[in-house]
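Written below as structure tokens is the structure these notes are about.
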Amino acid sequence: MNILVTGGAGYIGSHTCIELLNAGYDIVVVDNLDNSNIKAIDTIKRLTGKDFPFYQYDMLEADKMEEIFANNKIDGVIHFAGLKAVGESTQIPLRYYHNNITGTLILMQLMEKYDVNNIVFSSSATVYGMPKTVPITEDFPLSTTNPYGSTKLMIEGIMTDASKANPKLSVTLLRYFNPIGAHKSGDLGEDPKGIPNNLLPYVAQVAVGKLEKVHVYGSDYPTVDGTGVRDYIHVVDLALGHLRALEHCSDKEGVHIYNLGTGNGYSVLQIVDAFSKACGKELPYVIDPRRPGDIAECYADAAKAKNELGWVATRGIAEMCEDTWRWQSKHPNGFDD
Ligand code: NAD
Ligand code: UFG
């Protein structure tokens, strides 16, 4: 089976490419490297010992995207490509809508033209907005609090409408919780540009000495220790969830929706503690005010993916921190080292 991976040079896409290649899939990757590095592609090839076509194209360029479909027999698509920074999406919303929505429309029109009938999409727990309770099941009400989240919810709707109109189409919407961790080699991991927005890359850069201390956003939430609780999931477990989704859903028409999380929540201070153990030193932190828009707790009910896909996340928080630390300490400046 030949899978087109959009955004395959990015953090989650690159780890998924490795698992796809190791499982015997062929892949074709497209990424404009807007938020990634060509070295990720070289690393995927080196770690797997396998070659594949890579197109440094922008998904917004329909002619170039068509070249990929015309020159490769594509059996299915995993669609990671998109802009993903919540804060930035409130500053440049039109760019987010154009990139994420138009890119998806071009992709799906080409799928229709070339009779490619199965797609797995990177959605997000952000589509649950401000959930009233936890754990979150797939049938919770959907809403969003920022343009990034709105692009995810709109794309879910676009894909659902497309599946109603094309009975052959199989759509799988994977709602990720908080992916962290890195490949065991320590040579592939998250490489954010500038100062990280997300907790784990920030903590990792404190551990390696690039940043001074962790800023904990709020300690007065109704949680175990007052700090925000999230469902952190190892990126390799997440990658494997895509393989299970492909195996299970690709020949089943209609829309299939799964949470990909562990079902466990960890607070910010518990993460700082777990990372301190992984890197062997106490990490300095300071309590700051809450970050606007944050919720107290967000974690998955992961039963549906377990029951229907036979998928469970097996890597715990210690392993997630150890693997992040191996990548960060081996490559303090990410792929530029
Ligand atoms: P990432 O930024 O590392 O990867 C996305 C990739 O898409 C990048 O390599 C980028 O260069 C590429 N890209 C963006 N726009 C493109 C375009 N127009 N044409 C071609 N390539 C383009 O992000 P990630 O963390 O690997 O996330 C992958 C997907 O998962 C995204 O859709 C993201 O919204 C979603 N997601 C991520 C998280 C998370 O916390 N990391 C959580 C939920 C959902
Ligand atoms: N946090 C800090 N300090 C930091 C960064 C984060 O205390 O420097 C806290 C946040 O307040 C939150 C927790 O750490 O309680 C996790 O924050 P992240 O920014 O790492 O992750 P979020 O849960 O806010 O958001 C992530 C992705 C979104 C996605 C969402 C749900 O960034 O794209 O998970 O999947 F929508």
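Each ligand, and each atom within it, is numbered from 1 in the order the structure gives.
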- For Y176, counting its heavy atoms only, list the atoms of ligand 2 lying under 4.0 Å from any of them. 35 (O)
- Note on the structure: Here the atoms of ligand 2 under 4.0 Å from any heavy atom belonging to N197 are 5 (C), 19 (O)
- Protein contact to atom 27 (C) of ligand 2 [nearest heavy atom, distance to 0.1 Å]: N198 ND2, 3.9 Å
- Query: How does D294 reach ligand 2, if at all, at less than 4.0 Å between non-hydrogen atoms: by side chain, backbone, both, or neither?
  - Reply: side chain
- Message: Between D323 and H234, do the side chains contain a donor N or O and an acceptor N or O under 3.5 Å apart?
- Response: yes
- Task: Ignoring hydrogens and angles, state whether a donor on the side chain of D31 or S36 is under 3.5 Å from an acceptor on the partner side chain.
- Result: yes
- Hey, is K168 close enough to D115 for a salt bridge, meaning N to O under 4.0 Å? yes
- Per-residue contact class, L199 against ligand 2 - non-hydrogen pairs under 4.0 Å: both
- For the pair E19 and R244, find out whether any cationic side-chain nitrogen is under 4.0 Å from an anionic carboxylate oxygen. no
- Test: R291 and D294 ion pair at under 4.0 Å: yes
- Task: Verify the distance criterion only: is there a donor paired with an acceptor across the side chains of N117 and N166 at less than 3.5 Å?
- Result: yes
- Item | Contact partition for F177 relative to ligand 2, non-hydrogen atoms under 4.0 Å | backbone
- Message: Once you restrict to heavy atoms under 4.0 Å, what part of Y266 touches ligand 2? Side chain, backbone, both or neither.
- Response: neither
- The answer for which part of N178 has a heavy atom under 4.0 Å from ligand 2 is side chain
Which N/O atoms of ligand 1 sit under 3.5 Å from a protein N/O, and at what distances?
from     : atom 1 : to   : atom 2 : distance (Å)
ligand 1 : 2 (O)  : N35  : ND2    : 2.7
ligand 1 : 3 (O)  : Y11  : N      : 2.9
ligand 1 : 9 (O)  : G10  : N      : 3.4
ligand 1 : 9 (O)  : D31  : OD1    : 3.2
ligand 1 : 9 (O)  : D31  : OD2    : 2.6
ligand 1 : 9 (O)  : S36  : OG     : 2.7
ligand 1 : 11 (O) : D31  : OD1    : 2.7
ligand 1 : 11 (O) : N32  : OD1    : 3.3
ligand 1 : 11 (O) : D34  : N      : 3.1
ligand 1 : 11 (O) : N35  : N      : 3.0
ligand 1 : 11 (O) : S36  : OG     : 3.4
ligand 1 : 15 (N) : N99  : ND2    : 3.1
ligand 1 : 18 (N) : D58  : OD1    : 3.0
ligand 1 : 18 (N) : N99  : OD1    : 2.7
ligand 1 : 19 (N) : M59  : N      : 2.9
ligand 1 : 21 (N) : N32  : N      : 3.1
ligand 1 : 21 (N) : N32  : OD1    : 3.2
ligand 1 : 25 (O) : K84  : NZ     : 2.8
ligand 1 : 26 (O) : Y11  : N      : 3.2
ligand 1 : 26 (O) : I12  : N      : 2.8
ligand 1 : 32 (O) : F80  : O      : 2.8
ligand 1 : 32 (O) : K152 : NZ     : 2.8
ligand 1 : 34 (O) : Y148 : OH     : 2.7
ligand 1 : 34 (O) : K152 : NZ     : 3.0

- Should the proximity of T227 to ligand 2, defined as any heavy atom under 4.0 Å, be assigned to the side chain, the backbone, both, or neither? neither
- Mind checking whether R290 contacts ligand 2 via backbone (N, CA, C, O), side chain (CB onward), both or neither, at a 4.0 Å heavy-atom cut-off? neither
- Note on the structure: ligand 2 atoms nearer than 4.0 angstrom to some heavy atom of A125 are 31 (C), 35 (O)
- Task: Hey, can you tell me if F275 and W325 have their rings parallel, tilted or perpendicular (30° and 60° cut-offs)?
- Result: perpendicular
- Task: Report yes or no: is the cationic atom of R230 (NZ for Lys, CZ for Arg) under 6.0 Å from the centre of the six-membered ring of Y266, at an angle within 45° of the ring normal?
- Result: no
- Just jot down the ligand 2 atoms closer than 4.0 angstrom to any heavy atom of S124, in number order. 29 (C), 31 (C), 35 (O), 36 (F)
- Applying salt bridge (Lys or Arg N to Asp or Glu O under 4.0 Å) between E319 and each of K277, K184, R326, report the one that passes. K184
